[in-house]
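Scroll down for the structure; my scribbles are underneath it.
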Amino acid sequence: MKNFCYVNGEIKSTSEGVIGISDLALQRGYGVFDFARTHNGKLFHFEDHIERLHRSATALHLKLPISAREIREVANELIEASELTTPSVRLVLTGGSSLDSPMLARPNFIIIAEELPTYPREIYSKGAKIITVKFQRELPQVKSLNYLNAVRLEPLKREKNAFDILYHSHNGITECPRNNFFVFIGDTLVTPSEYILQGITRKLILQLAANHFSIEERMIRFEELQAVDEAFVTSTSKFVVPISKINDREIGSGTVGVRTKAIMQLFEEYSNGYIF
Ligand SMILES: Cc1ncc(COP(=O)(O)O)c(C=O)c1O
């Protein structure tokens, strides 16, 4: 199986793609990334991912070395050359080489074609469990390379037999380490709008749901979780995952709620009909 990546202008086999040990990404955790997928053989909302990467980079004073058009061309070239069933594309921009000082240097830009992860069918048909953890991501609007807490909490997630973690803080309920969070309170779809990463799937869900439900983008207080009727999380790799349990409390009837099913259906129809 041969897969390909791009490192600063050169296309290489993924196993041969390297950057230096003095990179600020390695030494100080400084850099940004984005992760896009294909759906039915086509890159899905790729421009949105490039735009978000650009916003993340700007927030960290980094500059993308090639244009959006070139990024798309490289991504398609890597996908075509690689032997992947459902390709996805990881775009990584690092702080650059700067061993002993926290000064920014010339960024390294990497594009990797990789297999889209798959998830158990049951989470979509029966719903998944999430557990709450008190934490607020630093610079939440930025998709930075810093997933320190997400990685640190993996053992806890496994121990509690949970599919994901839900962050909360003085800012209320925010998001999961790699997913946005939604609830239904009656027929109203509620999702946090601040102190989160503005997910691309989140944006699409809000657009699709607008014709069917009333929508509130607002802070969700931790205590409100007690009274929600349905919940789900969204991301590029997972699309819409219904939540049946938060900590030890079942949500609604403890299975996939009817409104969540409607959202899943809307998203499936939209993604299957997506034409770039
Ligand atoms: C912190 C965080 N929130 C939310 C999301 C979901 O965003 P998207 O739908 O763009 O994948 C992600 C995944 O990229 C994430 O890392």
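Whatever order the structure lists ligands and atoms in, that order sets their numbers, starting from 1. The analysis underlying the following values was restricted to heavy atoms, covering all of them including side chains, and did not include hydrogens, waters or symmetry mates. Each residue takes its place number in the sequence, starting with 1.
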**Q.** Contacts of type salt bridge (Lys or Arg N to Asp or Glu O under 4.0 Å), residue Lys157, not counting sequence neighbours
**A.**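 So Lys157 forms a salt bridge (Lys or Arg N to Asp or Glu O under 4.0 Å) with Glu154.
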Q. Would Phe232 and Phe267 count as a close aromatic pair, with their ring centres under 6.0 Å?
A.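 No.
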(Q) Using ring centroids (six-membered ring only for Trp), state whether His39 and Phe239 fall under 6.0 Å. (A)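 Centroid distance Phe239-His39: below 6.0 Å, so yes.
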In terms of residue, atom name and distance, what is the protein heavy atom nearest to [atom]?
{"atom": "atom 9 (O) of ligand 1", "answer": "Thr201 OG1, 2.6 Å"}
{"atom": "atom 8 (P) of ligand 1", "answer": "Thr236 OG1, 3.4 Å"}
{"atom": "atom 3 (N) of ligand 1", "answer": "Glu175 OE1, 2.9 Å"}

Distance under 4.0 Å to a non-hydrogen atom of [X]: what atoms of ligand 1 satisfy this?
{"X": "Arg137", "answer": "1 (C)"}
{"X": "Ile200", "answer": "8 (P), 9 (O), 10 (O)"}
{"X": "Arg52", "answer": "7 (O), 8 (P), 10 (O)"}

Q) Once the angle between the rings of Tyr274 and Phe44 is folded into 0 to 90°, is it parallel (under 30°), tilted (30 to 60°) or perpendicular (over 60°)? A)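 The arrangement is perpendicular - the two ring planes meet at more than 60°.
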**Q.** Under-4.0 Å heavy-atom contact with ligand 1, by part of Tyr147 that carries it
**A.**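 Contact part for Tyr147 vs ligand 1: side chain (C-beta onward).
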(Q) Using a 4.0 Å heavy-atom cut-off, which part of Ile196 comes near ligand 1: side chain, backbone, both, or neither? (A)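 Ile196 to ligand 1: no contact under 4.0 Å from either part.
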Q: Just go through Gln198, Lys143, Arg178 and tell me whose heavy atom is the nearest to atom 14 (O) of ligand 1.
A: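 Residue with the shortest heavy-atom distance to the ligand atom: Lys143.
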(Q) Tell me the nearest of Pro177, Gly199, Ala36 to atom 2 (C) of ligand 1, using heavy-atom distances. (A)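 Looking at heavy atoms only, Pro177 sits closest to atom 2 (C) of ligand 1.
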Q: May I ask you to check if ligand 1 and Thr234 share an N or O to N or O distance below 3.5 Å?
A: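 No.
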Q: Give a yes/no on ligand 1: does Lys203 have at least one heavy atom closer than 4.0 angstrom to it?
A: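 Heavy atoms of Lys203 never come under 4.0 Å of ligand 1.
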Q.
Same cluster or not: Val190 versus Met264, using hydrophobic residues (I, L, V, M, F, W, Y) connected whenever any side-chain heavy atoms lie under 4.5 Å apart?
A.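 Same cluster.
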Q.
Determine whether a donor-acceptor pair (N or O, by modelled atom type, separation under 3.5 Å) exists between the side chain of Asp187 and the backbone of Phe213.
A.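 Checking the backbone N and O of Phe213 against the side chain of Asp187, no donor-acceptor pair under 3.5 Å is found.
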Q) With distance as the sole test, does Asn180 use its side chain to make a donor-acceptor pair with the main-chain N or O of Leu197 at under 3.5 Å? A)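 Yes: the side chain of Asn180 pairs with the backbone of Leu197.
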Q) Between the side chains of Thr260 and Glu230, is a donor N or O closer than 3.5 angstrom to an acceptor N or O? A)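 Yes.
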